[in-house]
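Read the structure below first, then the notes.
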Amino acid sequence: MQETVSIGLNLIGGEWKSCRRGETYELYNPADQRVVLGRFQNSTEEDANDAVRAAKAAFSGWASLPAPKRAEIVYEAWSILKKRSEEFSLAITVEEGKPLADSRGEVKRSANVLEFCAGEGRRLGGDTIPSELPKTFIWTYRRPIGVVAVITPWNFPLSIPVWKIAPALIAGNTIVFKPASITPGIGIKLCNLFMDAGLPPGVLNMITGPGGSVGRALVENVDVRGVSFTGSTETGRWIYEYAAKYMKKAQCEMGGKNAVIVAADADVDLAVEGVVQGAFGSSGQRCTATSRVVVDSSIKKVFMDKLLEKTRSLKVGPGTATATDVGPLSSRTQLEKVLFYISDAVNEGAKLVAGGRRLTGEDLDHGYYVEPTIFDEVTTDMRIAREEVFGPVLSVLSGSGMDELLQIANDSTYGLSGSIYTKDIARAMKYAHESEVGMIHINSPTLGGEAQAPFGGIKASGIGPREQGKRAVEFFTEEVVVYLDFTGSKREAKFI
Ligand code: NAD
């Protein structure tokens with residue numbers, strides 16, 4: 001008997017549709033390639049343009065709804081997501097591969113963002129500004145940009161789309177959302193969530209398919225006035241260049257090479273705990289994952305002994321198993337990339353001290369499992385210290401004293417997140433002021449963030465207004481200033 005495979009459709013103008021040429025692609029569970037997750041639309045530029053047309057048609061109606069009314073729908077989405085959090089968590093684990101505990105964290109974060117953004121609907125105000133002219137009133141207000149494209153990666157298939165879509169909706173924009181090709185199922189669930197919450201047709205549209213054609217077509221469409229992108233630095237660089245050329249707004253959150261400094265006075269147990277969580281949690285497939293640790297030579301031996309012991313105790317397996325600490329990588333491409341970086345590091349002379357292999361045997365043969373891997377004696381010129389691996393691979397570097405540790409940590413083209421372990425307030429403050437990253441942690445892992453705080457990187461990790469927090473609506477609005485002259489007659493003032 002033939003098994004039925006579910007078919008994921010595109011959402012255009014409130015209707016679920018096949019793509020114009022009727023082609024689909026198949027997706028498999030990253031923990032077990034024998035399990036088909038479904039077939040999804042292999043859309044083309046034509047579908048992307050259809051979705052933009054639908055978003056454009058819905059714009060004036062949505063933009064003219066008062067912001068607190070738009071916010072009611074976002075509140076409703078929050079309320080539904082909370083009730084269905086376990087279902088969403090399981091769906092993330094099955095499609096992306098991360099352990100259930102991590103998926104639950106992602107759903108909680110998404111709910112927090114919806115709650116926070118909904119509140120912003122009542123705060124979408126402007127300023128009143130004193131004029132130097134008599135009987136003149138100056139005020140500002142925020143207008144939506146128009147149609148925006150939301151282009152997202154696979155590693156946080158729910159929370160990243162949520163933290164872009166929710167502020168875009170509150171601000172009055174209409175959206176074409178393109179989820180990553182390997183996590184379209186979560187994208188579909190998210191669109192259904194907003195529709196169940198009462199979002200009118202055409203306000204949120206979604207198309208699946210390859211980034212190089214569908215994503216590109218969205219960026220290039222003249223009716224798309226803003227692009228909110230999260231993904232690799234390579235794609236982000238192209239989007240930013242294109243947006244600059246055609247005067248579109250663009251916001252790009254990209255890769256990282258996040259370092260933890262373990263200072264001479266650090267609580268070593270706490271540091272080990274934070275480094276292991278940061279490096280191997282979600283299989284290292286977080287943009288904020290710990291990729292480098294820079295440890296003071298004076299405590300290196302004790303740190304390494306504890307780090308290796310803790311790393312070797314991690315259990316690798318399917319994300320649905322309760323005992324699992326480290327799940328599979330999300331795709332074959334990811335697996336090949338991570339294994340390439342491991343062999344390249346060995347060739348460059350880094351010392352492999354833990355892991356380093358693809359895991360096989362029993363059910364692991366059917367998934368993309370890699371051992372938590374540590375390289376010691378890494379130097380700043382090695383590729384393993386410079387490029388983003390995006391897998392469970394940690395590089396250990398060392399130096400002496402705060403200046404050298406900081407200089408090594410800052411020696412990166414990336415600048416997303418970073419952390420220091422120290423009990424010394426002077427070292428902590430020096431780090432907070434001199435670390436070249438957008439998100440700084442002191443005595444906690446490089447990971448995470450809260451819905452009400454800004455999120456984003458500097459250098460090659462991020463460009464454009466920050467996401468999340470109270471400034472999230474900045475990107476999705478244009479600030480307009482209005483001068484009202486109520487003298488009622490000709491005035492003498494000179495204008496420049
Ligand atoms: P990616 O750049 O390959 O893809 C991201 C999205 O862009 C996908 O939806 C893809 O289909 C689309 N895309 C690809 N080419 C495109 C093009 N030419 N035009 C328009 N869209 C295009 O990245 P990925 O592999 O999906 O994600 C992993 C990367 O994302 C890592 O580098 C990671 O660090 C980064 N990331 C960054 C953050 C952050 O907030 N800084 C968060 C999560 C992930």
Side-chain angles (χ1 to χ4, degrees), residues 25 40-43 45 48 96 98 106 109 113 149-164 176-184 186-187 206-221 224 227-243 248 250-258 282-291 329-338 341 387-391 412-418 437-439 446-449 453-468 472:
Y25 65 97
F40 298 91
Q41 301 306 306
N42 203 3
S43 312
E45 288 171 25
E96 200 270 353
K98 66 181 74 171
E106 179 171 353
R109 173 82 169 272
V113 171
V150 163
I151 302 178
T152 55
W154 42 265
N155 65 330
F156 283 95
L158 182 70
S159 61
I160 294 179
V162 164
W163 77 53
K164 293 174 186 295
V176 182
F177 163 40
K178 197 214 107 32
S181 310
I182 63 167
T183 51
I186 305 300
M206 190 203 79
I207 42 169
T208 58
S213 52
V214 170
R216 194 181 178 104
L218 288 179
V219 176
E220 290 178 346
N221 190 304
V224 170
V227 181
S228 182
F229 167 81
T230 298
S232 64
T233 298
E234 194 191 358
T235 311
R237 183 174 284 121
W238 174 77
I239 290 176
Y240 206 69
E241 275 171 15
Y242 187 90
K248 288 176 196 260
Q251 160 184 67
C252 299
E253 283 304 331
M254 300 164 287
K257 192 71 196 170
N258 314 304
S282 292
S283 310
Q285 298 180 124
R286 287 176 165 125
C287 54
T288 53
T290 303
S291 185
L329 294 172
S330 300
S331 65
R332 175 163 292 282
T333 314
Q334 273 297 105
L335 175 75
E336 286 167 0
K337 185 175 155 205
V338 170
Y341 274 109
E387 296 184 11
E388 185 185 45
V389 177
F390 222 51
S412 173
T413 52
Y414 292 109
L416 189 57
S417 69
V437 295
M439 292 177 286
T446 51
L447 309 173
F455 184 96
I458 60 172
K459 294 160 87 176
S461 293
I463 193 128
R466 285 284 178 268
E467 302 199 282
Q468 300 185 69

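Remember, it's a predicted structure, so these values are computed and weren't measured experimentally. Both ligands and their constituent atoms are indexed starting at 1 by order of listing. No hydrogens, no waters, no symmetry mates; every other heavy atom, side chains included, goes into these values.
- Ligand 1 lies under 4.0 Å from heavy atoms of Ile151, Thr152, Pro153, Trp154, Asn155, Ile160, Lys178, Pro179, Ala180, Gly211, Gly212, Gly215, Arg216, Phe229, Thr230, Gly231, Ser232, Thr235, Trp238, Glu253, Met254, Gly255, Cys287, Glu388, Phe390, Leu416, Phe455.
- For the residue pair Lys98 and Ser282, no side-chain donor N or O sits within less than 3.5 Å of a side-chain acceptor on the partner.
- Every residue two or more places apart in sequence or in another chain that forms a side-chain hydrogen bond (donor to acceptor under 3.5 Å, both in side chains) with Thr230 is listed here: Lys164.
- Looking only at distances, no side-chain donor or acceptor of Glu388 sits under 3.5 Å from a matching main-chain atom of Lys257.
- Residues Glu96 and Ser330 have side chains that bring a donor and an acceptor to within less than 3.5 angstrom of each other.
- Of the inter-residue distances, the one linking Ile182 atom CD1 with Phe40 atom CZ reads 11.5 Å to the nearest 0.5 angstrom.
- At a cut-off of 3.5 Å, with distance as the only test, no side-chain donor of Glu220 or Tyr242 sits close to an acceptor on the other residue.
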